Amino acid sequence: MAVSLREPILQWYAEHNRDLPWRRPDATPWGILVSEIMLQQTPVSRVLPIWTDWMARWPAPEALAEASPGEAVRHWGRLGYPRRALNLHACARAITAEHGGRVPATYDDLRALPGIGDYTAAAVASFAYGGSHAVLDTNVRRVLARAVRGEEHPPKTTTAAERRLAESLIPPVGAPRWAVSIMELGALVCTARAPRCERCPVVSQCAWRSAGRPAGPVRRGQTYAGTDRQCRGRLLAVLRDAPGPVPKKALDVVWADHVQRERALDGLLDDGLAEVLPDGTYRLPA
DNA sequence: AATCCGTGGGT
DNA sequence: TACCCAAGGAT
């Protein structure tokens with residue numbers, strides 16, 4: 001059955017895997033944790049330079065824990081979803097204070113850290129510690145949706161059936177290798193947009209392929225221009241690129257709509273991504 | 001369950 | 001050129 005997907009995909013990975021720094025033998029659990037949070041909804045190519053800089057600057061949780069949250073946000077640069085920088089900083093402080101400076105090894109302990117959900121906990125437990133978990137990211141879900149269910153896209157949210165299927169495929173030995181293999185296949189071959197079926201090691205057993213690659217329903221993408229998110233991004237960029245506190249005027253000039261701008265700024269303050277000083281200037285959190 | 005949360009590159 | 005979407009998580 002679906003278990004016959006394993007050997008071809010493992011073999012394909014052995015020949016086609018990318019040499020990524022967080023996959024090397026000398027990668028630390030901390031480096032792997034940092035990479036997983038940076039990779040949430042973010043392409044590898046954009047993570048690489050930021051990850052390299054972070055690991056040189058903060059090679060262990062204790063180092064980041066000693067920095068301010070604002071410094072974490074500043075060095076996050078334009079990776080996107082900057083609350084992840086705050087999450088990573090909070091992870092560093094929790095690991096330092098509650099786990100003796102060692103990244104926890106179990107799924108449950110990892111899952112309890114800020115910004116670490118089901119996927120990231122399973123990924124770190126597996127990749128950093130050799131744990132056996134279903135590592136269900138968007139790549140894996142797409143490969144399974146196509147190869148097994150014969151559909152172009154996975155369901156919007158992870159279903160119990162997907163989880164059962166993923167768990168049934170975990171090999172008794174080498175779970176981490178299997179997880180990274182099927183993820184890599186989704187990332188490089190079984191892509192969302194223009195899948196390279198001619199390079200796929202399991203094309204002969206793919207239900208979607210044999211059905212003629214039927215198109216799934218068109219999914220509504222979220223527009224971005226003019227949103228609060230774009231406004232928040234503009235405002236935070238001002239704070240990030242300034243060496244110190246900035247007057248409110250510096251924020252006002254980057255977004256015309258007054259009501260939306262104030263709402264977005266309040267949101268940044270609420271989220272702990274910015275703070276206001278007694279003199280009315282703004283900066284990244286100290 | 002549906003929305004919100006950034007950013008930039010590929011198609 | 002628009003649009004899609006990328007190793008998700010929190011609410």
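Quick caveat: nothing in here was measured; it's all calculated off a predicted structure. Numbers restart at 1 for each chain; the letters A, B, ... are given by sequence-line order, proteins then strands.
- Here A/Thr42 does not reach the OP1 or OP2 of C/dA7: none of its side-chain N or O atoms lies under 4.0 Å away.
- Distance, A/Asp118 CG to C/dG8 C1': 10 Å, rounded to whole Å.
- If you measure from atom CZ of A/Phe127 to atom C1' of C/dA7, you get 8 Å, rounded to the nearest angstrom.
- Residues A/Tyr13 and A/Arg18 bring no donor and acceptor atom of their side chains to less than 3.5 Å of each other.
- Looking at A/Arg193, its side chain comes within 3.5 Å of the base of C/dC4 through a donor and an acceptor atom.
- Base engagement by A/Gly80 is indicated by at least one non-hydrogen atom pair under 4.0 Å involving a base atom.
- For A/Tyr224, a side-chain nitrogen or oxygen approaches OP1 or OP2 of B/dT7 to under 4.0 Å.
- Heavy atoms of A/Asn87 sit nowhere under 4.0 angstrom from any nucleic acid atom.
- Between A/Pro82 and A/Ser45, the one whose closest nucleotide on DNA chain B sits nearer the 5' end is A/Pro82.
- With respect to A/Leu39, the side chain to side chain contact (heavy atoms under 4.5 Å, CB included) criterion is satisfied by exactly one of A/Val34, A/Val47, A/Asp137, A/Leu20: A/Val47.
- For the residue pair A/Gln260 / A/Trp255, a side-chain donor-acceptor distance below 3.5 Å is found, with atom types taken as modelled.
- Note on A/Arg111: only backbone sugar-phosphate atoms sit closer than 4.0 angstrom, heavy atoms only; bases stay farther off.
- Comparing atom distances between the A/Arg240 side chain and each of B/dT7, C/dA6, C/dG8 picks out B/dT7 as nearest.
- Within the 4.0 Å cut-off from OP1 or OP2 of B/dG6, at least one side-chain nitrogen or oxygen of A/Arg232 is found.
- Residue A/Ile37 is out of contact with every strand shown, counting any heavy-atom pair closer than 4.0 Å.
- No side-chain donor-acceptor contact under 3.5 Å links A/Asp108 and A/Thr106.
- A side chain to side chain contact (heavy atoms under 4.5 Å, CB included) with A/Ile182 is found for exactly one of A/Leu10, A/Val202, A/Val135, A/Leu144, namely A/Leu144.
- The separation of C/dA6 from B/dG6, taken at their C1' atoms, amounts to 12 Å, rounded to a whole angstrom.
- Contact annotation for A/Leu20: base contact, defined as any heavy-atom pair under 4.0 Å involving a base atom.
- Atoms CG (A/Leu236) and P (B/dT7) sit 7 Å apart, rounded to a whole Å.
- Atom-to-atom, CD of A/Glu162 to P of C/dG8 comes out at 13 Å; the value is rounded to the nearest Å.
- B/dT11 and C/dA7 have their P atoms separated by 14 Å, given to the nearest Å.
- Residue A/Tyr81 contributes atom OH, which lies 13 Å from atom P of C/dA7 at whole-angstrom precision.
- Straight-line distance from the CH2 atom of A/Trp51 to the P atom of C/dA7: 18 Å, rounded to whole Å.
- Residue A/Gln41 has a polar side-chain atom (N or O) positioned under 4.0 Å from OP1 or OP2 of C/dG8.
- Spacing between atom CZ of A/Arg263 and atom P of B/dC4 amounts to 11 Å, rounded to whole angstrom units.
- A donor atom on one side chain and an acceptor atom on the other are not found under 3.5 Å apart for A/Glu7 and A/Gln11.
- No engagement by A/Thr227 is indicated, since no non-hydrogen atom pair under 4.0 Å with the nucleic acid exists.
- Position along DNA chain C of the nearest nucleotide to A/Leu113 versus A/Arg18 favours A/Arg18 as the more 5'-ward residue.
- Comparing A/Gly233 and A/Ala194 by the nucleotide of DNA chain B whose heavy atom lies nearest to each, the residue mapping closer to the 5' end is A/Gly233.
- For A/Arg142 and C/dA6, the shortest distance from a side-chain N or O to OP1 or OP2 is below 4.0 Å.
- Rounded to a whole Å, the NZ atom of A/Lys156 is 10 Å from the P atom of B/dT3.
- Under 3.5 Å, the side chain of A/Arg46 and the base of B/dT7 form at least one donor-acceptor pair of N or O atoms.
- Residue A/Thr138 places at least one side-chain N or O under 4.0 Å from the OP1 or OP2 atom of C/dA6.
- No donor-acceptor contact under 3.5 angstrom links the side chains of A/Arg84 and A/Asn87, judged on distance only.
- Among the heavy atoms of the strands, none lies under 4.0 Å from A/Trp76.
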